[in-house]
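No hydrogens, no waters, no symmetry mates; every other heavy atom, side chains included, goes into these values.
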Amino acid sequence: MPKIIVENQELFYALHRGGDEAQVSLVLIHGAAGSHLDWPKEVRQLPHTAVVALDLPGHGRSVGPGRDSIEGYTAVVNAFITQLGLEKVVLLGHSMGGAIAQKLGRDQPDWLAGLILLGTAATMPVSPAILTQIETDYPAVIEFLVKYQWARDVPDALRELSRQRLAQNDTAVVYADFAACNQFDARPYLAEIKVPTLIIGGTKDKMTPFPESEYLAATIPHAELVAIPDAGHFLALEQPEAVATAVGGFISRL
């Protein structure tokens, strides 16, 4: 699997080339305490699309440290895409990754062709108690996330897999991720985002409730909104076919 040096750190990414006819690159940006493994194969292997799934600094197979602000992660993603030489890129960001995508939507780098915001919001406040508990009782935080990040009826195997992956994280990186989300506020500049934008939300999402997706769609000019019925926060893993269909349709219309 490919690796690249960005800001003096070795970053891992998974690549699906999409065939010779691929004209658009889809860059997947995971959420807080996540990795490229948070994306199902239905999204990572879209036809006719080059798909790049990045592990942010300190996550998955990428070397740490992480970053403690959305701006810090935004700089990494911009440098990563620029160094790869990608020219027509759609960013697909989940949760914290969606915050990074919103910030890049405002910055409008030359390579940006569109945004897909998945299970995210214009603000993502985090309880001070959760931030403290990450440092003092991380196993309890894991159980909280396993309970609330998924729709009620998802298979137990998915919950257990997420529990195992969360336990592999450096707690300092998790704390910084949640602190970065807590400081994030895109409301002042959402109306400045000019690229085509698709918002996808799960109707049973307890972390970023569906009205947050509706707000994004109402505020970003000409944005499209897709609701995934009965899906929780990890809607791509819960309902991969529905998410892949929405993503593929959006890309085909660009």
Side-chain angles (χ1 to χ4, degrees), residues 24 26-32 34 38 43 56 67 69-78 81 88-127 148-149 177-236 239 242-254:
V24 175
L26 177 68
V27 175
L28 309 178
I29 312 173
H30 61 76
D38 291 341
V43 175
L56 292 169
R67 301 293 185 271
S69 69
I70 298 303
E71 289 77 12
Y73 280 127
T74 298
V76 170
V77 172
N78 186 31
I81 292 172
K88 188 176 182 182
V89 175
V90 175
L91 286 178
L92 168 48
H94 172 242
S95 196
M96 184 182 78
I100 297 167
Q102 290 173 63
K103 179 68 167 57
L104 284 163
R106 187 203 70 170
D107 295 345
Q108 299 185 54
D110 291 341
W111 47 258
L112 185 62
L115 298 177
I116 304 175
L117 307 177
L118 180 71
T120 191
T123 62
M124 287 182 281
V126 178
S127 165
Y148 288 104
Q149 285 184 334
D177 282 358
F178 278 77
C181 289
N182 191 46
Q183 298 165 6
F184 173 69
D185 187 353
R187 291 174 297 182
Y189 57 78
L190 287 178
E192 300 174 21
I193 296 175
K194 305 301 182 185
V195 295
T197 302
L198 173 67
I199 293 100
I200 307 175
T203 62
K204 300 298 185 182
D205 189 343
K206 297 177 182 176
M207 305 296 287
T208 51
F210 188 69
E212 300 288 352
S213 294
E214 293 178 311
Y215 174 79
L216 290 173
T219 309
I220 298 173
H222 312 299
E224 304 175 44
L225 175 63
V226 171
I228 306 296
D230 301 319
H233 190 57
F234 273 94
L235 56 167
Q239 300 196 31
V243 171
T245 296
V247 171
F250 175 75
I251 291 174
S252 71
R253 294 191 295 275
L254 287 178

Q) Under 3.5 Å, side chain of Q239 to main-chain N/O of P229, donor-acceptor pair present? A) yes

Q. Can you find a pair of side-chain heavy atoms, one from F178 and one from M96, that are under 4.5 Å apart?
A. no

(Q) Show the nearest heavy-atom pair for residues L235 and G201, with the distance to one decimal. (A) CD1-C, 3.8 Å

Q: Indicate yes or no: at least one non-hydrogen side-chain atom of L118 is less than 4.5 angstrom from one of V247.
A: no

**Q.** Heavy-atom side-chain proximity of F250 to V226 below 4.5 angstrom
**A.** no

Q: Search all heavy atoms of A121 against all heavy atoms of F184 and return the closest pair with its distance.
A: O-CE2, 3.5 Å

Q. Is any side-chain heavy atom of V90 closer than 4.5 Å to a side-chain heavy atom of L198?
A. no

Q: Could you check if a side-chain atom of H233 sits within less than 4.5 angstrom of a side-chain atom of Y148, using non-hydrogen atoms only?
A: no

**Q.** Between CZ on residue F210 and CD1 on residue I228, distance to nearest 0.5 Å
**A.** 9.0 Å

Q: Check whether any side-chain heavy atom of V76 lies under 4.5 Å from a side-chain heavy atom of R67, and answer yes or no.
A: yes

Q: Mind listing the closest non-hydrogen atom pair of A113 and L254 along with its distance?
A: O-CD2, 4.1 Å

Q) If you round to the nearest 0.5 Å, how far is CD of Q149 from CG of D205? A) 9.0 Å

Q: Find the distance between CD1 (I29) and OG1 (T120) and round it off to the nearest 0.5 Å.
A: 10.5 Å

Q. Can any side-chain N or O of Q108 pair as donor or acceptor with the backbone N or O of E192 at less than 3.5 Å?
A. yes

(Q) Give me the atom names and distance for the closest heavy-atom approach of A191 to P221. (A) O-CG, 3.4 Å

Q. What residues, two or more places apart in sequence or in another chain, satisfy side chain to side chain contact (heavy atoms under 4.5 Å, CB included) together with V195?
A. L112, L115, I193, T197

Q: Output the distance between atom CG (L104) and atom CG (L91), rounded to the nearest 0.5 Å.
A: 5.5 Å

(Q) Within the structure provided, determine whether Y215 and R187 are in side-chain contact (heavy-atom separation under 4.5 Å). (A) yes

Q: First locate atom CG of N182, then atom CD1 of I70, and finally report the distance between them rounded to the nearest 0.5 Å.
A: 10.5 Å

Q: With sequence neighbours left out, write down each residue that passes side-chain hydrogen bond (donor to acceptor under 3.5 Å, both in side chains) with N78, or none if nothing qualifies.
A: W111

Q.
Measuring from atom CD of Q102 to atom OG1 of T74, what distance do you get when rounded to the nearest 0.5 angstrom?
A. 10.0 Å

Q.
Please enumerate all residues that pass side-chain hydrogen bond (donor to acceptor under 3.5 Å, both in side chains) together with D230, with sequence neighbours excluded.
A. none

Q. More than 12 non-hydrogen atoms from neighbouring residues, nucleotides or ligands closer than 6.0 Å to NZ on K204, yes or no?
A. no

